[in-house]
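Contents: one structure, followed by commentary.
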Amino acid sequence: VQLQASGGGLVQAGGSLRLSCAASGRTFSYYSLAWFRQAPENKRDFVSGISVGGRRTSYADSVKGRFTISRDNAKNTVYLQMNSLKPEDSAAYYCAADENRPSRFLLDYKYWGQGTQVTVSS
């Protein structure tokens, strides 16, 4: 599967952005999906994940209550709605997919999209 992330940009603190990640392939609905982020000189960290059917979601503590992950299997797209953004949310955001159950671990994901940059100004 190929993943294409979009929706990043520059926003003021307190603002919102919605990231999208469109996938190619007929088997999108079979994949667990996740968002990770990586700031300069930092490691790539888990942000949020969603199960195949969308019933199970998980979030990093730092974004819980502010970010919402969702998926539309008919559109082969996963979303990350980000509200109440903070400067520390600034990073390149990556979507990831794998046939296995959802995971918070980077190495558990086989497929990756390119990053989309999110910059939050104070």
Side-chain angles (χ1 to χ4, degrees):
V1 63
Q2 292 184 324
L3 304 172
Q4 179 76 34
S6 62
L10 174 63
V11 64
Q12 289 187 332
S16 298
L17 281 174
R18 187 175 82 155
L19 305 184
S20 300
C21 178
S24 63
R26 298 178 298 170
T27 58
F28 175 82
S29 59
Y30 297 164
Y31 292 93
S32 297
L33 302 164
W35 289 94
F36 288 76
R37 67 185 180 186
Q38 186 170 17
E41 301 183 358
N42 286 3
K43 60 183 178 67
R44 193 170 296 187
D45 291 327
F46 173 80
V47 175
S48 181
I50 189 166
S51 61
V52 166
R55 293 181 180 180
R56 286 185 293 150
T57 59
S58 61
Y59 298 91
D61 288 344
S62 59
V63 307
K64 201 171 294 183
R66 300 187 297 122
F67 290 11
T68 303
I69 191 171
S70 61
R71 65 188 295 165
D72 186 336
N73 288 341
K75 294 183 178 179
N76 283 11
T77 303
V78 59
Y79 304 97
L80 185 68
Q81 178 67 44
M82 306 186 295
N83 298 328
S84 302
L85 283 162
K86 304 175 181 180
E88 51 263 43
D89 294 319
S90 297
Y93 282 71
Y94 298 86
C95 55
D98 197 84
E99 297 95 335
N100 294 316
R101 62 183 180 181
S103 168
R104 292 172 174 253
F105 298 104
L106 181 149
L107 293 179
D108 287 340
Y109 288 89
K110 186 182 303 180
Y111 306 103
W112 290 85
Q114 91 296 352
T116 185
Q117 181 66 38
V118 172
T119 303
V120 184
S121 63
S122 57

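Side-chain atoms are counted along with the backbone in the values below, which use heavy atoms only and exclude waters and symmetry mates. Keep in mind that this is a model prediction, so the values were computed, not measured.
Of the possible donor and acceptor atoms, one in the side chain of S24 sits under 3.5 Å from a partner among the backbone N and O of Q2. In this structure, Q114 contributes its side chain and A5 its backbone to a donor-acceptor pair below 3.5 Å. A distance-only check finds a donor-acceptor pair linking the side chain of R66 to the backbone of S84 [under 3.5 Å].
Cluster annotation: F36 is not connected to L85 through the hydrophobic network of ILVMFWY side chains, with a link wherever side-chain heavy atoms come within less than 4.5 Å. Linking Ile, Leu, Val, Met, Phe, Trp and Tyr residues whenever their side-chain heavy atoms come within less than 4.5 Å places Y31 and I69 in a single cluster. In terms of hydrophobic clustering, with Ile, Leu, Val, Met, Phe, Trp and Tyr side chains grouped at heavy-atom distances under 4.5 Å, V47 and W112 are assigned to different clusters. Hydrophobic clustering places L17 together with L3 (ILVMFWY residues linked when any side-chain heavy atoms are closer than 4.5 Å, directly or through intermediates).
V120 is listed as a side-chain neighbour of S90, based on a closest heavy-atom distance under 4.5 Å. Contact check for D89 versus M82: no side-chain heavy atoms found under the 4.5 Å cut-off. Using a 4.5 Å heavy-atom cutoff, the side chains of L106 and K43 are not in contact.
R71 forms a cation-pi arrangement with F28, by the criterion of a distance under 6.0 Å to the ring centre and an angle within 45° of the ring axis.
Pairing each heavy atom of K75 with each of T77, the nearest pair is O-OG1, 2.8 Å. Among all heavy-atom pairs drawn from S58 and S48, the shortest one is O-OG, 2.9 Å. Nearest approach of S32 to Y109, heavy atoms of both residues: O-CE2, 4.1 Å. G113 and Y94 get closest at one heavy-atom pair: O-CD2, 3.5 Å. Here the closest non-hydrogen pair linking S122 and P87 is CB-CG, 3.8 Å. Scanning all heavy atoms of the two residues, the minimum distance from V1 to A97 falls at CG1-CB, 4.4 Å.
A side-chain donor from one of N83 and S16 sits under 3.5 Å from a side-chain acceptor of the other.
In this structure, L80 CG and S20 OG are separated by 9.5 Å, a value rounded to the nearest 0.5 Å. Atoms CH2 and OG1, from W35 and T116 in turn, are 7.0 Å apart once rounded to the nearest 0.5 Å.
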Start with the C-alpha gap between S62 and R37, add the side-chain angles, then the distance that decides, and say whether side chain to side chain contact (heavy atoms under 4.5 Å, CB included) holds.
CA-CA 12 Å; S62 59; R37 67 185 180 186; 3.4 Å; yes
Working note: Y59 + T68, criterion side chain to side chain contact (heavy atoms under 4.5 Å, CB included); need CA distance, chi angles, decisive distance, verdict.
CA-CA 8 Å; Y59 298 91; T68 303; 3.8 Å; yes
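For the side-chain contact (heavy atoms from CB on, under 4.5 Å) with Y79, the lone residue among L19, D72, L33 that qualifies is D72.
More than 12 heavy atoms of other residues, nucleotides or ligands lie within 6.0 Å of CD in E99, so this atom counts as buried by the packing criterion.
Ring geometry for Y93 against F67 counts as tilted: the plane angle lies between 30° and 60°, on a 0 to 90° scale.
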